[in-house]
Amino acid sequence: MKQYIAEKIEQALTLLKQDGVITGEISEITIDRTRDKAHGDFASNIALKTAKAAGKNPRELAQLIIEALGEDAKITKTEIAGPGFINFFVNEGEKFAVIKQILTAKDQFGKSNFGAGKKVQVEFVSANPTGPLHVGHGRGAAYGASVADLLEYVGYQVHREYYVNDAGRQMDILAASVWLRYLQQLGLEFPFPVNGYKGDYIHDIAKSLLEKHSDKFKVELYQLKDGLPADEVDGGDKEKYIDAVITRAKQLLEDSYRTVFDEGLDQILADIEDDLRGFGIVYQNWFSERSLTEDGTVERALTKLQDQGYIYEKDGALWFKSSEFGDEKDRAVKRSNGEYTYFASDIAYHVNKVDRGFDQIIDVWGADHHGYIPRVEAAMTASGVNAEKLKVLLVQFAILYRGGEKAQMSTRSGEFITLRELRDEVGTDAARFFYVMRKSEQHLDFDLDLAKSESSDNPVYYIQYAHARVCSVMRQLQEKGLTFDQQQGEENLVLLTEEQEQKIVKTLAKYPEMILYAAKNREPHQVCHYLRELSNDLHTYYNAHVFIVDEEKLRNARLLLINAVRQVLNNGLELLSVSAPQEM
RNA sequence: GUCCCGGUAGCUCAGCAGGAUAGAGCAACAGAUUCCUAAUCUGUAGGUCAGAGGUUCGAAUCCUCUUCGGGACGCCA
């Protein structure tokens, strides 16, 4: 309907332009749903916006537009209001059309082909596989997944990808940590490095390494310790110490180092994948960073930049002239020790993304990485790929609260609370919903007590209960030996004259617009707010009127309406990967 | 110092491709159940939209400055 009115106005304006009434530019046509019923159903400010170009006062122009609109069966009345708004009153029967649309389209209602099949890649989470996902990763996971799902919903071809940082120093630290725990399990006694990974899961990985390979990777204590610098506890540098341990591990283990390394990587990655699947997230691809180095992609990407003169050497390291492309300063791509930096593989990765033919590339990053954006864009531009295809979405931190207190640390291990612990505590539904409830660039206060509570204060329960309530009414109908006659309901929708019914119809009609807006702006929180509103409409209606009335026509019309509500609640919840229970 | 995000009711937040009287939820207070789930609903109260300028017929929304809070500024990832 909104679209329909916009088109009508466009026609009217074209007409006026032909007649020479309007000479200047016509602004974009916007149609708003009115807040006040006295202002009709829809309103447009087009006369206000175009007044200057037309050289007329707004009300005068509005009158001319209305005249040019002509008669229309769907619109019962138009009027000029305030400074020059045009208010539209829509035919009653026309408003109910959405109910039939919902029940015909079912779970397809709200979907569209706005994206026209364009290929979009969404990369999110991409946490280092050095340990289980924690609650800090949860928001990026829920947000990235919802954005991806929204885009798919409106017709994009979406490719979800997890970039696995399976190379680099952090992974070496992991491998060394696993090996040291393995040695300790074999009876070697030595203090664990200050900078090593100390989580319980490291012991588990070491244990399975021991089970699979027995003492194959065992060395004597002197081989391990001799000649190593001091760790922090002994007055040394913890960074230098752990690097020396890594070097020693590689020397002693030789080819077996990779086995130890992969044992840690594979187990943690399997855990992450399982965790995310449990969180309702499935990727199309897990992209290995290591593969970029191994197949020479990184080398080629850097050579290309070098050939164009964007790489230079300083202090034994290689630098990319990102400052020539808008970055604050130049960035290192190869360290003086000969290893590529993370940035080097990221250059290769982003060029690779574009090469794979995506029309749009979306990276979901933590807000603390925002300073990283200019250098990646600089690298893309310097590499001759279109940096405008990249859109980085930043997600602010989520702070967990329990009993009014911050609860970032896990009470048991003293480490960060894992995502899995969170899901166990509040459930996947609540976690998915709470994480996307706020605008992504807004800090999120995640109230664990609220997420767990089975009360109307909890928006998840509130919405799910609205869905269950409709199902419950339908069960009641059956118990009373009555059947729902959809056909008769459709024929009698005009009987829905109560204000709560009118409100529901209005809210239902907004769903597709809301979805499109949310997708275009990558704002899944819009869906949350919408679902709460629709649920509120339903609960209000429920309390004000009985649906299963004796009068058959009215009864079926009402049941039709609440079934439409149930369908839309179901669609919205499904989009957020939150379940829509039949009963609670 | 530079850059990013934020400041809206006591609290948590919507609204910000400019539009008509700034909205929810929680908390507070007052109510509603012989009736489809009270896991619900209704009502009351609550505001210098951080502050100051500017653009505009019109600003919470756009621009500038100030201020407060969070974050980022590595040969880490």
Side-chain angles (χ1 to χ4, degrees), chain A residues 28 30 32 34-36 38-39 43-45 48-49 51-52 57-58 81-85 87 126-128 130 165 167-171 173 239 289 314-319 328-329 331-346 366-374 394 396-397 399 401 404 437-447 450 453-459 461-462 464-466 468-477 479-480 500 517 520-521 525-526 528-529 532-533 535-536 538-549 558-559 562 583-584:
Chain A
E28 199 193 339
T30 51
D32 292 314
T34 55
R35 208 179 324 149
D36 190 337
H39 297 141
S44 178
N45 59 359
L48 289 158
K49 288 173 114 178
K52 199 170 269 181
N57 85 51
F85 291 103
N87 293 337
S126 299
N128 283 346
T130 51
N165 300 124
R169 183 163 173 267
Q170 295 305 318
M171 287 307 294
I173 295 176
E239 304 291 347
E289 178 190 0
K314 193 184 85 179
D315 302 331
L318 288 182
W319 299 73
E328 287 177 348
K329 48 183 168 180
R331 309 291 175 175
V333 290
K334 196 172 195 174
R335 297 199 273 162
S336 50
N337 68 4
E339 281 180 35
Y340 290 119
T341 60
Y342 175 88
F343 180 44
S345 27
D346 233 9
D368 54 337
H369 283 64
H370 89 268
Y372 204 76
I373 299 171
L394 299 176
Q396 291 286 348
F397 299 116
I399 303 161
Y401 288 88
M437 194 161 62
R438 304 291 177 227
K439 220 165 32 175
S440 64
E441 60 261 38
Q442 184 84 251
H443 288 274
L444 172 71
D445 286 336
F446 194 127
D447 186 335
L450 180 61
S453 80
E454 298 191 357
S455 76
S456 58
D457 302 355
N458 183 345
Y461 276 84
Y462 185 85
Q464 289 180 321
Y465 180 46
R469 211 164 207 186
V470 175
C471 297
S472 170
V473 170
M474 297 311 282
R475 280 193 300 272
Q476 276 292 323
L477 185 76
E479 281 172 29
K480 291 185 178 175
Q500 294 86 354
Y517 182 88
K520 281 182 186 173
N521 296 288
H525 74 276
Q526 301 282 353
C528 298
H529 286 277
R532 217 220 162 258
E533 184 188 353
S535 301
N536 179 250
L538 190 277
H539 289 309
T540 301
Y541 182 35
Y542 181 94
N543 276 275
H545 301 284
V546 176
F547 307 150
I548 305 177
V549 290
R558 287 184 169 173
L559 293 176
I562 63 167
E583 61 185 311
M584 293 170 72

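All chains are named by letter (A, B, ...) in the order of the sequence lines, taking the proteins before the strands, and each is independently numbered beginning at 1.
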Original post:
Does a side chain donor of either A:Glu289 or A:Ser345 reach within less than 3.5 Å of an acceptor in the other side chain?
Top reply: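 Indeed, the side chains of A:Glu289 and A:Ser345 share at least one donor-acceptor pair under 3.5 Å.
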Original post:
Does a donor on one side chain and an acceptor on the other come within less than 3.5 Å for A:Asn45 and A:Thr30?
Top reply: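 Side-chain D/A pair, A:Asn45 to A:Thr30: present.
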Subject >> Candidate nucleotides B:rA38, B:rC75, B:rC73, ranked by approach to the side chain of A:Arg469 - the nearest >> reply: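 Nearest listed nucleotide: B:rA38.
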Original post:
Between B:rC36, B:rA72, B:rC13, which nucleotide gets closest to the side-chain atoms of A:Gln442?
Top reply: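 Within the option list, the nearest is B:rC13.
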**OP:** Scan A:Ala317 against the nucleic acid and name what it touches under 4.0 Å (heavy atoms): base, sugar-phosphate only, or nothing.
**Re:**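 Base, at least one base atom sits under 4.0 Å.
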Subject >> 5'-to-3' dot-bracket of RNA chain B (Watson-Crick, G-U; under 3.5 angstrom; crossing pairs as [ ]; | other strand) >> reply: (((((((..((((.....[...)))).(((((.......))))).....(((((..]....))))))))))))....
Original post:
Going by ring centres under 5.5 Å and near-parallel planes (under 30°), is A:His370 stacked on B:rG71?
Top reply: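 No, A:His370 does not stack on the base of B:rG71, since the centre distance and plane angle fail the 5.5 Å and 30° test.
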Taking [M] as the reference, what is the distance to [N] when you measure between their [atom1] atoms (whole Å, please)?
{"N": "B:rC11", "M": "B:rG47", "atom1": "P", "answer": "12 Å"}
{"N": "B:rA24", "M": "B:rA9", "atom1": "P", "answer": "15 Å"}
{"N": "B:rA60", "M": "B:rA27", "atom1": "C1'", "answer": "25 Å"}
{"N": "B:rA45", "M": "B:rG31", "atom1": "C1'", "answer": "15 Å"}
{"N": "B:rU61", "M": "B:rA20", "atom1": "P", "answer": "13 Å"}

**OP:** Select from A:Val546 and A:Ser535 the residue whose nearest nucleotide in RNA chain B is closer to the 5' end of that strand.
**Re:**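 Nearer the 5' end of the strand: A:Val546.
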Can you find an N or O donor on one side and an acceptor on the other, under 3.5 Å apart, linking the side chain of [X] with the base of [N]?
{"X": "A:Ser336", "N": "B:rC75", "answer": "yes"}
{"X": "A:His525", "N": "B:rA14", "answer": "no"}
{"X": "A:His443", "N": "B:rG71", "answer": "no"}
{"X": "A:Asn87", "N": "B:rA20", "answer": "yes"}

Subject >> Straight-line distance of A:Met437 CE to A:Gln442 CD, nearest 0.5 Å >> reply: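 That separation rounds to 11.5 Å.
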Subject >> Gap between atom NZ of A:Lys439 and atom CG of A:Asn521 - 0.5 Å precision >> reply: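 The NZ atom of A:Lys439 is 10.5 Å from CG of A:Asn521, to the nearest 0.5 Å.
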**OP:** Go along nucleotides 26-34 of chain B 5' to 3' and tag each nucleotide: B for a protein heavy atom under 4.0 Å from its base, S when only backbone or sugar atoms are that close, - otherwise.
**Re:** SS-------
**OP:** Can you label the angle between the A:Phe547 ring and the A:Tyr541 ring as parallel, tilted or perpendicular, going by 30° and 60°?
**Re:**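 Correct class here is tilted.
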